[in-house]
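Below, all heavy atoms of this structure are taken into account, side chains as well, without hydrogens, waters or symmetry copies. None of the values given here were measured: they were computed from a predicted structure.
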Amino acid sequence: EHEASVSLASVFRLTAAFPRHMSYFIGAVEHIEARNPNLKPLDVVKGLREISGLDDMFTQHYLGRISDRRSGAALLLDSEVSQFLGDVIQHRVTDRGEEEGVVLAHDGTTVALAPLLLGLEAGLLGKSGARSSGLHALTLTQMLGRAFLGLRGPALTRGLGTKGCWNNLVSPKVFTLSRTPSFMTDALINGGMDGTILGNELSGTTEHPLKLSSLLTGYYRYHAGPEGLNTAAPLISVLRRDNFKALVSPSVLQEQVLDSLRVYWTLRGDVPVEDPAPVVKQGVEIFMQTHTACPTIISRCEWGAAPYRGTPTQLTLPLSYMYIHHTYEPGEPCVSFEQCAAAMRSMQRYHQESNGWDDIGYSFVAGSDGYIYEGRGWYWQGAHTGGYNSKGYGVAIIGDFTVRLPSQHTLNLVKDELPACAVSGGRLVPTYIVHGHRQMVATECPGNALYEEIGTWPHFCVSANDSICAIYATLHF
């Protein structure tokens, strides 16, 4: 676990290329607050915007010119911290496909800092009533609109939300996008959602936090207990998709995107050559499906997977079944990204080294940290349910569920969110059937408690006979 403190500058002096981790960014904010104890959160955010040069025409329209506000140069901070902040906030994608201005968060996701900071400033200004804050425009909708217009048809589905991989999970320094860079990367979407959520929270509260670092710490450094997210605070990064979905409906988001584009074009003196509404409507539908209807899935490189051995067998989609497992070992649920990623690496190592398999056997694995972890994924045949691997996805929940159940949040991920995402993406038929591992193979998996639970799920079929389950599906779905 990364821990930051106000002595961060001394760490920077000893480090040639300091990690791009949220801990270090929060530590830099703590450093500013310690050196400038009389600053309010709004002053800190303005200073950060000046240091990083976030002052284009669109930003000025809502937040004003940097020169009209408190000078960042007046902030007392070490030159190493100033250099770090300037480098880590300004977003760009290099010709090599490396995304800069992003950090690895404690929950395993990657976050662009610029839209996050703009959302914080807009929220703080919105509460003061000084001007129209432009919260949604600054964090997300202007960038979404430009992405929608730049990506048409199938390219929009493929290009929206490009993910990537860090060179190292312990000391992340270089983040490389996994495919041809898009205008709207996954890190920008994460940062935009976080900026929207936190900015909305700030604009709607009567009291602002005494320190910006306290707000960021509470949001990004939440530590789940043994019950996972059952008792979690509502305002944490793991729940960003749920919280964003609760704030913005598709129709509202569509109008906000169009409004942002109108402001963008007016400031540039441009005139659109066609009505953008149809493209924006399609783009919003795809965005809501992929980034709010679907759960966050931690990709293989994000959890540190070893390479697949051999040549994977492609699945023929859509599939008709979902087979539920528990891992048994590890026996304890994982409640943080660090724990869950380590469990994934351990299982993959066991499956490859001890079982002699090409890869981890499961298609997907659910942690109790709030996320789904990619195993063999949507397209590669797994090694999870002997004799049935080509027919369905094998989904495991980390832990031994012989006598106890996973957290309710984890159950909802597997029962509702993951299959709904699969159906909407054409990877699972709408009449899919759920089976427990023990129905297909002689095993105790997925444990007595979990098996009894899945027996209550609407898509569960008590028979292992394909014909009987097909009739059941026809009658019930």
Side-chain angles (χ1 to χ4, degrees), residues 1-2 17-25 87-88 90-116 147 157-194 220 237-238 240-241 290-291 294-309 312 334 336-349 351-352 358-360 362-365 367 369-380:
E1 181 69 24
H2 299 264
F18 28 88
R20 266 39 179 179
H21 196 281
M22 185 63 77
S23 286
Y24 279 77
F25 174 68
D87 292 342
V88 81
Q90 189 64 254
H91 183 271
R92 77 184 188 107
V93 176
T94 70
D95 294 337
R96 299 184 300 277
E98 296 173 359
E99 187 173 11
E100 299 178 349
V102 299
V103 295
L104 176 63
H106 296 74
D107 64 4
T109 59
T110 297
V111 178
L113 292 176
L116 166 64
T157 304
R158 295 192 305 268
L160 189 64
T162 307
K163 296 172 76 72
C165 306
W166 286 99
N167 65 313
N168 187 289
L169 293 179
V170 176
S171 182
K173 296 173 184 175
V174 179
F175 187 73
T176 304
L177 294 172
S178 57
R179 61 176 186 267
T180 303
S182 68
F183 183 78
M184 198 65 181
T185 67
D186 203 56
L188 280 171
I189 292 173
N190 288 337
M193 284 186 172
D194 291 347
Y220 287 108
S237 60
V238 173
R240 68 165 60 88
R241 292 194 177 193
T290 56
H291 285 82
C294 287
T296 297
I297 298 176
I298 302 296
S299 69
R300 292 171 61 87
C301 75
E302 287 176 310
W303 58 260
Y308 190 98
R309 296 178 179 178
C334 60
S336 69
F337 167 71
E338 185 177 17
Q339 291 178 2
C340 294
M344 291 296 292
R345 294 191 295 271
S346 175
M347 287 187 290
Q348 184 191 41
R349 188 162 51 248
H351 288 178
Q352 289 182 323
D358 293 339
D359 196 11
I360 188 171
Y362 308 118
S363 306
F364 295 96
V365 179
D369 63 335
Y371 289 145
I372 297 289
Y373 287 75
E374 180 186 29
R376 300 206 188 185
W378 297 119
Y379 305 107
W380 295 354

Check for a donor-acceptor pair, side chain of [X] on one end and backbone N or O of [Y] on the other, with a separation under 3.5 Å.
| X | Y | answer |
| --- | --- | --- |
| Arg345 | Ala305 | no |
| Arg376 | Ile360 | yes |
| Glu100 | Val88 | no |

Any [X] side-chain heavy atom under 4.5 Å of [Y] side chain:
| X | Y | result |
| --- | --- | --- |
| Met344 | Tyr362 | no |
| Arg240 | Val111 | yes |
| Asp359 | Arg309 | no |
| Glu374 | Arg300 | yes |
| Tyr220 | Thr109 | no |
| Gln90 | Leu113 | no |
| Val103 | His21 | no |

> Just one of Tyr373, Trp380, Trp378 clears the ring-ring contact (aromatic ring centres under 6.0 Å, His included) bar with Phe364, so which one?
Replying inline: Trp378
> For Asp358 and His351, does a side-chain donor sit closer than 3.5 Å to a side-chain acceptor?
Replying inline: no
>> Whether the His106 and Glu338 side chains hold a donor-acceptor pair (N or O, under 3.5 Å, no angle test) is what I'd like checked.
In response: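 Short answer, no.
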To the nearest 0.5 angstrom, please state how far the [atom1] atom of [X] sits from the [atom2] atom of [Y].
| X | Y | atom1 | atom2 | answer |
| --- | --- | --- | --- | --- |
| Thr296 | Asn190 | OG1 | CG | 7.0 Å |
| Ser363 | Ile372 | OG | CD1 | 11.5 Å |
| Leu104 | Ser171 | CG | OG | 10.5 Å |
| Ser299 | Glu302 | OG | CD | 3.5 Å |

>> Tell me every residue that passes side-chain contact (heavy atoms from CB on, under 4.5 Å) with Glu98, counting only those two or more places apart in sequence or in another chain.
In response: Thr94, Arg96, Val174, Thr176
> In chain order, what residues pass the ring pair (Phe, Tyr, Trp, His ring centres under 6.0 Å) check against Tyr379, with sequence neighbours excluded?
Replying inline: none
>> The criterion is ring pair (Phe, Tyr, Trp, His ring centres under 6.0 Å); which residues satisfy it with Tyr371, sequence neighbours excluded?
In response: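 Scan of Tyr371 (ring pair (Phe, Tyr, Trp, His ring centres under 6.0 Å), adjacent residues dropped) gives none.
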>> I'd like to know whether Met22 forms a side chain to side chain contact (heavy atoms under 4.5 Å, CB included) with Ser237, so could you lay out the CA-CA distance, the side-chain angles of the two residues, the decisive distance to 0.1 Å, and finally the verdict.
In response: CA-CA 12 Å; Met22 185 63 77; Ser237 60; over 6 Å; no
>> Could you walk me through whether Asn168 and Lys173 satisfy the side chain to side chain contact (heavy atoms under 4.5 Å, CB included) test, starting with their C-alpha distance in whole Å, then the side-chain angles of each, then the deciding distance to 0.1 Å, before giving a yes or no?
In response: CA-CA 7 Å; Asn168 187 289; Lys173 296 173 184 175; over 6 Å; no
